[in-house]
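Atoms within a ligand are numbered from 1 in the order they appear, just like the ligands themselves. When reading the values below, keep in mind they use all heavy atoms of this one structure, side chains included, and skip hydrogens, waters and symmetry mates. Given the structure is predicted, the values throughout are model-derived calculations rather than measurements.
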Amino acid sequence: MKVISDLNQIPLVDRSLTAVWHPCTQMKHHESLPLIAITRGKGPWLYDEAGNALLDCISSWWTNLFGHSNPQINQAICSQLEKIEHVMLAGFTHPPVVELSEKLSALTGGNLGHVFYASDGASAVEIALKMSHHFWQLHNEPAKKKFVCLENGYHGETLGALAVTDVAIFREAYGSLLQDVFTVSSPDSRKAQAGENADDVARRAAAELEKLFAKEHQQIAAVIIEPLVQCAGQMAMYSPEYLRLVRGLCDRYDIHLIADEIAVGCGRTGKFFACEHAGIWPDFLTLSKGISGGYLPLSLSMTTDKIYRAFYSDATKQGFLHSHSYTGNPLACAAALSCLEIFEQDHVLKKNIDRSDDLARAFAWAKIDSRIEHWRQQGMILAFDVKQFALKNPGAFPREMFSASLKEGVLIRPIGNTIYVMPPYILSTTEAIQMGASVQRALEQVLA
Ligand SMILES: *Cc1c(COP(=O)(O)O)cnc(C)c1O
């Protein structure tokens with residue numbers, strides 16, 4: 001056992017590699033890939049121990065909306081901290097959770113007026129899946145218990161959420177633990193054939209879903225989708241027409257629609273909820289990541305009056321008996337309320353129109369580069385794919401690109417051959433230009 005004074009002689013990153021098992025990481029890769037110790041952040045910038053600045057182009061795993069160490073959110077959390085840090089939400093309530101639920105309900109026009117809380121995104125997905133399943137039992141249709149998900153979809157990595165996730169690398173080792181699901185084609189607009197547009201791809205994918213519904217609807221509880229952008233699935237983007245068609249099919253065949261807006265919600269696609277692009281509401285809508293501005297773990301699943309009512313009874317077991325210790329944490333809710341306040345007071349959705357134009361201009365070079373294809377953008381997400389022929393070592397490309405970008409002072413994490421940026425909503429025009437130019441320089445080094 002080393003004493004603390006000894007430990008202080010050892011670099012923090014080495015101590016981390018000894019004691020911390022890092023997420024989504026082959027730890028051995030860190031023999032060559034240095035770990036970065038971040039000691040502070042300000043706005044879109046992260047600073048390491050030596051004071052080097054890194055531009056956070058991916059909002060720290062898609063969570064940060066208004067910059068690191070945002071004075072307004074800091075203040076909201078501090079002022080809540082003086083009142084109550086946490087209290088259990090079974091049998092108790094508190095002002096931040098009530099206000100947040102009311103505000104979120106209002107943002108859906110009251111269509112999704114009941115908010116159930118958890119802490120991480122995967123748990124919010126589990127909640128929606130369990131509620132749907134339980135609803136059909138209460139509705140005397142116990143056979144409706146299978147879920148439909150999309151090819152290339154991602155909904156988190158706990159066992160229930162992983163079962164409806166179609167990203168091979170996350171599933172492979174755990175296949176035998178996962179329930180059976182139906183997987184249908186993604187409406188990914190990159191699949192458009194000659195003469196087809198994104199709507200055609202959407203209609204084709206919806207027709208396949210309809211076939212499945214027609215045959216199996218008696219055993220299907222719900223279909224789960226990421227509206228407009230399959231983020232972990234290499235930022236695959238698709239037409240809102242698909243959402244309208246799926247909503248129609250779910251109504252016709254009595255199947256729940258779960259919209260997982262954990263990554264695309266909170267203004268990311270240009271509207272507060274991505275579903276608003278299609279003018280539809282799902283039966284369940286999950287949020288996490290951006291909802292607390294990237295400050296504290298908070299997730300939730302919103303649902304309709306109809307579903308809420310089905311659980312309302314004198315019988316305990318007819319209730320939704322699901323809980324997490326930190327459900328509806330007051331500090332996290334205070335951070336979320338502060339974010340909603342910023343959305344309103346700073347006209348964020350309106351200003352993001354200009355910000356996404358800035359992003360487009362900053363990455364205009366990639367549109368005309370012959371080594372790049374499928375340049376695409378949806379609000380504050382911009383992505384493009386490096387063609388296979390240009391990659392020397394496709395398996396190592398994400399890490400090589402990550403390392404090269406760090407040297408240019410930007411934080412990006414490519415997924416496969418897809419480079420994307422998903423910055424916080426406080427980026428200045430200058431910072432956007434810097435981002436585009438730095439990523440371009442890094443790419444030139446990697447492809448050289
Ligand atoms: C990140 C993500 C999740 C899982 O959230 P965690 O907080 O990482 O568990 C679920 N669905 C989507 C669409 C996500 O992007």
In a simple table, one pair per line, please give the protein and ligand 1 atom names for every N or O pair closer than 3.5 Å, along with the distance.
{"from": "ligand 1", "atom 1": "7 (O)", "to": "G121", "atom 2": "N", "distance (Å)": "2.7"}
{"from": "ligand 1", "atom 1": "9 (O)", "to": "G121", "atom 2": "N", "distance (Å)": "3.4"}
{"from": "ligand 1", "atom 1": "9 (O)", "to": "A122", "atom 2": "N", "distance (Å)": "2.8"}
{"from": "ligand 1", "atom 1": "11 (N)", "to": "D260", "atom 2": "OD1", "distance (Å)": "3.4"}
{"from": "ligand 1", "atom 1": "11 (N)", "to": "D260", "atom 2": "OD2", "distance (Å)": "2.6"}
{"from": "ligand 1", "atom 1": "15 (O)", "to": "K289", "atom 2": "NZ", "distance (Å)": "2.6"}

Subject >> Main-chain N/O of D188 paired to Y242 side chain as donor or acceptor, under 3.5 Å >> reply: no
**OP:** Applying side chain to side chain contact (heavy atoms under 4.5 Å, CB included) between L65 and each of P423, C266, P424, S59, report the one that passes.
**Re:** C266
Original post:
What residue pairs, at least two apart or across chains, pass salt bridge (Lys or Arg N to Asp or Glu O under 4.0 Å) with a residue in residues 248-265?
Top reply: E210-R252, R247-D251
Subject >> Where at least one partner belongs to residues 323-343, residue pairs that pass ring pair (Phe, Tyr, Trp, His ring centres under 6.0 Å), sequence neighbours excluded >> reply: F66-F343, H86-Y326, F272-F343, H322-H324
Subject >> Contacts of H256 that satisfy ring pair (Phe, Tyr, Trp, His ring centres under 6.0 Å) - sequence neighbours left out >> reply: F135, W136, F284
Original post:
Quick one: does NZ or CZ of K146 land under 6.0 Å from the six-membered ring centre of F182, within 45 degrees of the ring axis?
Top reply: yes
